[in-house]
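Input: a single structure, listed below in structure tokens.
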Amino acid sequence: MAENVQHAIAQKKDEPAGANEWEPKIIGFLCNWCSYAGADLCGVSRYQYPTNVRAVRVMCSTRISPHIVLELFTAGADGILVGGCHLNDCHYITGNFYTEKRLRLMKKLLEDAGIEPQRLRLEWVSASEGEKFSKIVTEFTEQVKKLGPSKVKKDAALKTRASAADGASQTFRLRALVGKELGLEKTGNVYGQKLDQTELEKLIDAATKDEFERSLILELSKQKARSVKELGQIMDVPTDKVLRHIVVLRQKNMIAMEHPDGLTPTYKAIEIGGEQ
Amino acid sequence: MTEQKFEPSIVAFCCNWCSYAGADLAGVSRMQYPTNARVIRVMCSGRIEPYFILKSLELGADGVLVTGCHIGDCHYISGNEEAEKRMKMTMEVLDKLGIGRNRMRLEWISASEGQKFAQTMKDFTEQIRALGPNPLPKQAGQKKPDPAKIKDVMNRIIEDTGAFDCVECGKCTTVCPVAKYNPNFAPRTVVLKASEGIVENVQTNRDVWTCVTCEMCNSMCPYKVDYSGFIRGMRAEAVKYDNVPVCSQGGLMQEVMRIQADSTVKQSRLDWLKPDLKVADKGEVFYFTGCVSYFDSIFKERPLKLSGIPQAVVRIMNKAGITPVVSNDEVCCGHDLNWTGDEAALKKLMKKNVETIKASGAKKVVFSCPECLRTFNMDYQDIMGDFDFEMVHISELVDDLVKEGKLKFKKGQKKVTFQDSCRLGRHLGIYDPPRNALKAADAQVVEMDNNRDKALCCGVSAWATCDETSRKLQVDRLKEAKKTGAECLVTGCYKCLIHLSCAQENKTQVPKEQIDIPIKDLSVVIAEALE
Amino acid sequence: MADTIKVDPKDKPRIGVFVCHCGTNIGGFVDVKSVAEYAKTLPDVIYATDNLYTCAEDGLVSIREGIRKHNLNRIIVASCTPRTHAPLFQATCESAGLNKYLFTFVNIREHCSWVHMKEREKGTTKARDLIRMGVARARLLIPQEEQRVDVEPSGVVIGGGVAGMTAALSLADMGFPVHLVEREAELGGFVKNLNNLYVTEKSATDTIKPLIEKTKAHKNVKLHLGSQMKSVEGFIGNYEIVIGAKGAEDIKAKVGTIIVATGALEYVPEGLYGYNQYPNVVTLTEFEILCKKKALPKMKNVAIIQCAGSRGQVKTYCSRVCCNVAIKNAINIVDNYDNMLGLAEQLGTVIEKVPVEQKVPEEIIERRRRRRGRERGEEGEADEVKLGPSEKIEVTVFNRDIMAYGVEHELTYNKAREKRVKFVRYTTDHLPRVYMEGNQLTVGYFHETLKLERTMPVDMVILSTPLVAQPDAGDLSQMLKVPLGQEGFFLEAHVKLRPVDFATDGIFVCGTCRGPADITEAVTQASAAASRAAIPMAKGYVQAEALTSVVDENKCSGCGTCIQVCPYGALRKSEKGLAEVIVAACKGCGCCGATCPEGAITMTNYTDAQLLAEAKAALQEEV
Amino acid sequence: MTKDVMVIGGGIAGIQAALDLADKGMIVHLVEKTPSIGGRMAQLDKTFPTNDCSICILAPKMADCFSHPNTNVITYAEVVGVEGKVGSFKVKVLKKARYVDETKCTGCGECLEKCPSKVPSEFEMGLSNRKAIYMPFMQAVPRVMTIDKEHCTMITKGKCGNCKKACKREAIDYEMKDKILELEVGAIVVATGFDSWDPSSATEYGYGRYPNVFTALEYERMINAAGPTHGHIERRSDKKRPIKMAFIQCVGSRNPQVGHPYCCSVCCMHSTKESMLAREHHDDMESTIFYKDMRACAKGFWEYIERAKRDYGVRYVNSDATVQENAETHNPIVVYDVGGRQQSEEFDMVVLATTLVPRKETLELAKVLGLKADEFGFLESSERILEFGKTVVPGIYLAGYAAGPADIPESVAQGSSAAAKAVEAIVQAGG
């Protein structure tokens, strides 16, 4: 510790504040038992790292639902770091295995939305890995800096897609699938069939794509009623597929058909009671 | 028949090219000579080992004649010159043993000297007849052992040495100096074979003789299995089946010792005593000198000056006001015989030695030879029970005397390194006294990489199996000593001195500068430093 | 303590912010004063100040006074790490009457001043951001009551072997009534079949007799022999159990905790080493029974084969106890063989007395003592060795590694060798072979060191087979909803630090049902399990930190995903078919919340809204 | 009659016992000799057979134990006298002067920068230095400084005083005196743990002579990310990372010759773990373990060994081994025996699984408490089979390595078990 301190003190002088320089805003979700403790140790040991990460303490990395992450990206976060215990080290036994599965889903959705998945990073940091924490933050900050500011704030279309991804992450189907993913791999489904990991991932990827597209239809039709053709063009999805999605959404009573010009049907999302 | 006239038995070694031809000529010429001699033809007189002479005498010959070509005429250029040196040495040894040099004769007889051959025969027979019969007792024929009993014997050895405790960890192998160069040897394999009941090969297995009994294995074994004891036990059994060691000097050493065990004649082993040394016949302290006198004769050609050791010891003791008893009646301790499978001889020697010491009235016996000390302290007491006299090594004595303030030394001695001999160190556990003694003598002691209980072996023990491995071990040790930067390698054991210096004298593949460190005996170094 | 301040979630937040200099630890690298000034500008912040050391008494006083003077209902301390100091400040809030869940910690030391020592400006900005995040979170905090669940102060122990009895007695001795359920008609479990136990010479029966008697006599122990668990419902502190016996009426009881001690069985080595194929090939336990009945046949050579079926041969694991049992038996054979001779019905041979003591000449012992007693340079003491009848009866133990761990086992192993028990190592490449050579039972083996094929005529082969899980362990596992691990043994909560706990609160495990263990280890685990089980019973309640899951019944669809993912069994289906949190069992990790397909579950004090508000505050540009 | 209990030793066994007791509502006085609780487990990097990070799972327990309302953790203290009997032992505890006011110190570390001294760190096994004022390790509990009076020049010579000047909390007090606390307790749990035997006297391993021979605990500190080399495995001779590692088992143990005939029970496993960690650090690292018997005999242990072989390429050689050195490269040369043939092989680093011995001070403590110790210094249970941990003195119980070789789960179970026995005793004594 002492050496780190001396080193730090020796260089302790104010660098000119680069007022014009863009500094990314990065949120760090750190689990209480390992990563947060590792960050503490990093501090105690005076390992220096860039100032960009703002840490939010959670009890377990498993707490971080895809919705939280995607909502923050929609709100303009430049990067999100999720820190948990090493696999098998979880204070809550299996929490971080779920984290791992969820992160995969989040990255997939980010990709679908058009946000660089590299903006999201999962790291295992133990309570004794103070130095590792500083390295990770330094590296990740660099990585995010290279990607540049989040485009969500300036690009309305991207924001819509981001919202759609967020919406998709909250759908029953995806959450249930990811929730059951581990169980399906390990103990099998109700019929006792164990599923192969790659097969399962294929299944989830397809479902993710579907749900994202449906969610995007809802987002777009929230703004105004749109025709299938229009939706297909905006989304760059074949119209028959859009139509199939609409059929499903109508069954779930999430979208309503309108005939503004009496000929081409357009669709508008049904917003549920004032909730945002 | 009233009085039987003594007819000597004589062995005559004749070289093929001159003497044997001379004997032929004597025959062709019908020259008459006594019937007592039995001629053994050899190619050259250089072939005659001192051992042959002693063995002949031990087996009952009353005299031994060695004949060869005249100097300068040798068919093999200089074989007879070697023979001359050896025979002189043999004569000296015979003198010391009390048998006397005139029981043998060396003559140069050419192919044309039939007359001289006959005359020599006559003269020598008369000479021996005058001397009377060989004083050594006649050897009884050995009983043939029963191979069916080997298993019992081995079980007894297993019991005796705790070999059943072996967990097969192999640590013994990792420290075994022999195993380092001889991949076929490992202490535990020897033991494990016996434990498995594979014992028939005692009759043939050479592993028994490969071991240098340095006890590196014993000292490392977590379970204190007595490997060297195991080997010793097996050797005693192996020799019964003529599975015998290859001995240095053709077995001369063992012969000298065996003769000491059997002989009743008076030796003259105290020829190293100088007039300025004060010794006594009776007293509190007995100094057991060991066989230096014999070694000095045997290694006449080498600059060892082993007699300097007992001289130094007595000088040290005198300086401290001790007048030690030294006795011409002491005999070899039997160490080397014991470790080459002859426990019977050990017992005979033991009896003589213990009687000699008891007769002196000594309360303390000082040893300068660690082998003697080991044999007394461990082997004799194992057999006879505890002695009522104390036994110490000279280094322990010096250590004590220094502590009592009875010895003073000059300042400014050399930087030295100490060779822990296996008997002094691992066998007896004496590590600090020699170092203390050296330090007291104001020597700066630097340690070799492997020291104390890890000290490397001098390569040979009990004058058996001196081979390529021995040479490698000696070179290893000398290199270590040289590396310390010490001016001198100090040894506490005669044998280390002999064997390590042998490696320096003989041609090894190693550059001289890596191993040329002066070697000196501990007592000599101490005595030199006395004020 | 001050009167409790009532805070309604709808009340307007009144936030107080206390920024710490921590000497120069924060103050030296962050402009603390300006940070405190900035805090005053944030919404709902009524009061903000800076302290040299907030954790010092004067700092704590300033918090208490702030609450009193400014009617603060949310407190933020910006200083070091909550991992060490949160309890102190929470206690301070409570002492001023403020619910401790209205406190927020902001770490501007470990996560800010110490890691940005060269960047005062940016570090100060970050500190401001962190406080803004704290304020955003604090505004959404609501007071929490920590839930208490009463615990029935009685327990049930399943299994009446040594572990079960010990656990039951330990609880009973601590003053808790306990049900002990044993399916056999007798107490004693596996051990009652054994002849003697290692480390002691005493017979197994004599050793456990006092334990059985004490168990039977203890007023707090209710024995249920010949009985089994029929059902278990409930959660920690409140288990409804049904114990059933054949031909008897079911017994219902309410208990607070459950200890599982159902033991293990010996593996039957069908098809291995001539078992059931040749005469005189027996398992360890069969051999023990022969010894116990004093029914050993006449023998001269005995082979004991270790790892028969374990360490990868059939079962993956090492059974821990068999090496030491084999060593014990070997010594027993050498020492007591003639006392155990008898007419074995199944092995029928003529008894012939074999003299046991083989006298070793005194001189040999003495000589050995002298030689072997010589330790590195010092005179050591040698043990007096009683020699066994090495020529009369020979025992060879074929082993892969001798697991004589610890002090006593290793010393006993040494003793066995001194008694001339022979140990021969084999590897899986060269398993020993048991076969008949004519009428002679024979063991063939490969000597690993000497690299030789060897054979040995033997009179008996004892197979050391592993302990295996009870075949019906799965039923109990499902009844209790606790997991089984490798090879069917019960799986503890944490291999290292929670060896006798299940992840599910209120249920504990000990003895060989957890994995192979010897008696000493089993009883140690048993009293450890009793200690753990006694905790909630001694307290009389369990109190969960208000960091638990909450189910929104309006959103829950009853899909059950949350129940699957919870590692603690803290969720169950309610009578309505919806998810229900067992607060007493919940640890608050949040896995169910992040999983719930309907988003119906959130965590008290860590709601989505709070987390998002905190994180979003970081994204705001400074105001 | 009192319901208080004393636990002596703040390692994992002691912590477990204390927590179990405190959770049952008993007041626990935990006496720890060093400045911090945590014991040996705090020094370890990972734990077998799960490769859990040791401090990650231990630190919360340490914090719990310290902040529990029913515990009174007395660090830097020793038990020096005991009178009375079960139900009411009167215990004298020597609270050594720390020269730092525990209530004022925040563990900020400003004093450290100013302290001029250098002392080999006990916690880092001497691989790095600490100051005369120090905290043994970052996660220490309590988080306060201690002045080591032997090395503090202010205390020994009256010169310096830097730390006092640096401390804004005025926590430093050079005048502080040792104190004797008198406590009454109903039962006592002894969990004093182990020491690592110094293998330099067993010269066949070259420890202390050959720079690249390490003890397992040194290695453990070295691979720990928070350790003296920040988790880098380095040779002493040239600071280079080793590739070929040798682990030698039973160094000093299972060896009646050096006085430890027993097996330490944990070394086969920790060496396996350490080999696996080497490979986890760098793909090219190769480890060889030299052993007498591979004692992997608890739950999941044998499978762990199999995994080490299969997934981590760990090589196991069934032979004891000794060490020589290549004098030029300082590479240790391991000499071993395969089938009765001596082999030697050069490695980059050797790690010795040295004997774990009961702490020396345990014998002193045993005298104070009236307990029996065996010839190796382990405290003896009065009835080994069914009452492990019960001693000849009613009311005094044992847990952890001090009672015989034990790994972490065994120590934890014994800690809980001792707690149960203490409660039983107090309940039976009418407390």
Side-chain angles (χ1 to χ4, degrees), chain B residues 162 165-193 195-196 198 207 210 215-227 420 425-426 429 431 447-456 469 476 479-480 482-484, chain D residues 199-210 246 248-264 268 289-295 316-328 330 332-345 350 352-353 355:
Chain B
D165 266 343
C166 173
V167 291
E168 302 186 44
C169 70
K171 196 170 183 182
C172 48
T173 318
T174 74
V175 293
C176 175
V178 176
K180 183 174 178 186
Y181 294 113
N182 180 350
N184 296 317
F185 179 81
R188 69 163 173 156
T189 328
V190 176
V191 165
L192 284 175
K193 266 187 199 154
S195 319
E196 266 297 297
I198 307 168
D207 280 356
T210 307
E215 290 208 347
M216 194 75 114
C217 45
N218 289 35
S219 83
M220 278 300 100
C221 176
Y223 296 98
K224 302 184 215 164
V225 172
D226 180 8
Y227 290 97
D420 295 275
R426 283 182 291 268
Y431 297 109
E447 295 291 356
M448 288 179 265
D449 278 354
N450 295 292
N451 56 62
R452 301 177 74 94
D453 62 338
K454 307 294 181 307
L456 298 184
T469 304
D476 279 357
K479 278 184 177 170
E480 276 195 0
K482 185 76 187 172
K483 219 181 84 187
T484 60
Chain D
S200 42
S201 62
T203 51
E204 65 266 33
Y205 299 108
Y207 178 77
R209 198 153 50 103
Y210 305 146
I248 300 179
Q249 299 308 110
C250 298
V251 173
S253 44
R254 296 187 68 192
N255 190 336
Q257 285 244 50
V258 295
H260 316 125
Y262 57 86
C263 158
C264 303
C268 287
I289 298 181
F290 296 93
Y291 70 98
K292 287 192 204 170
D293 285 286
M294 186 41 57
R295 291 189 174 161
Y316 287 84
V317 176
N318 182 10
S319 167
D320 210 333
T322 53
V323 185
Q324 299 280 323
E325 190 190 53
N326 177 334
E328 279 158 35
H330 289 297
I333 298 167
V334 174
V335 188
Y336 58 101
D337 169 333
V338 171
R341 281 174 178 255
Q342 193 188 100
Q343 318 275 328
S344 52
E345 194 173 331
V350 166
L352 305 178
T355 320

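All chains are named by letter (A, B, ...) in the order of the sequence lines, taking the proteins before the strands, and each is independently numbered beginning at 1.
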Taken to the nearest 0.5 Å, the spacing of D:Arg341 CZ from B:Asn182 CG works out to 9.0 Å
Rounded to the nearest 0.5 angstrom, the CD-CG distance for D:Gln257 and B:Asn218 is 8.5 Å
Pair count under 4.5 Å, heavy atoms only, with chain B: among D:Val334, D:Asp320, D:Asp293, D:Asn318, highest is D:Asp320
Cut-off 4.5 Å, heavy atoms of chain B, and the answer for D:Gln343 is neither
So, the part of D:Arg254 with a heavy atom under 4.5 Å from chain B: the answer is both
Sorted by chain and number, sequence neighbours left out, side-chain hydrogen bond (donor to acceptor under 3.5 Å, both in side chains) with B:Asp420 holds for B:Arg435
Any non-hydrogen side-chain atom of [X] less than 4.5 Å from a side-chain atom of [Y]?
{"X": "D:Ser319", "Y": "B:Cys169", "value": "no"}
{"X": "B:Asp453", "Y": "D:Thr203", "value": "yes"}
{"X": "D:Glu325", "Y": "B:Asp449", "value": "no"}

Heavy-atom nearest pair, D:Gly340 first then B:Ala186, reads O-CB, 3.2 Å
Okay, B:Thr189 and chain D: the region with an atom under 4.5 Å from a heavy atom over there is side chain
Determine, step by step, whether D:Thr322 and B:Lys454 satisfy the side chain to side chain contact (heavy atoms under 4.5 Å, CB included) criterion, reporting the C-alpha distance in whole Å, the side-chain angles of both residues, the deciding distance to 0.1 Å, and the verdict. CA-CA 11 Å; D:Thr322 53; B:Lys454 307 294 181 307; over 6 Å; no
Note: vs chain D, highest number of non-hydrogen pairs under 4.5 angstrom among B:Glu168, B:Arg188, B:Lys483, B:Lys180 is B:Arg188
Per-residue tally against chain D (heavy atom, under 4.5 Å) across B:Cys176, B:Cys172, B:Pro183 peaks at B:Pro183
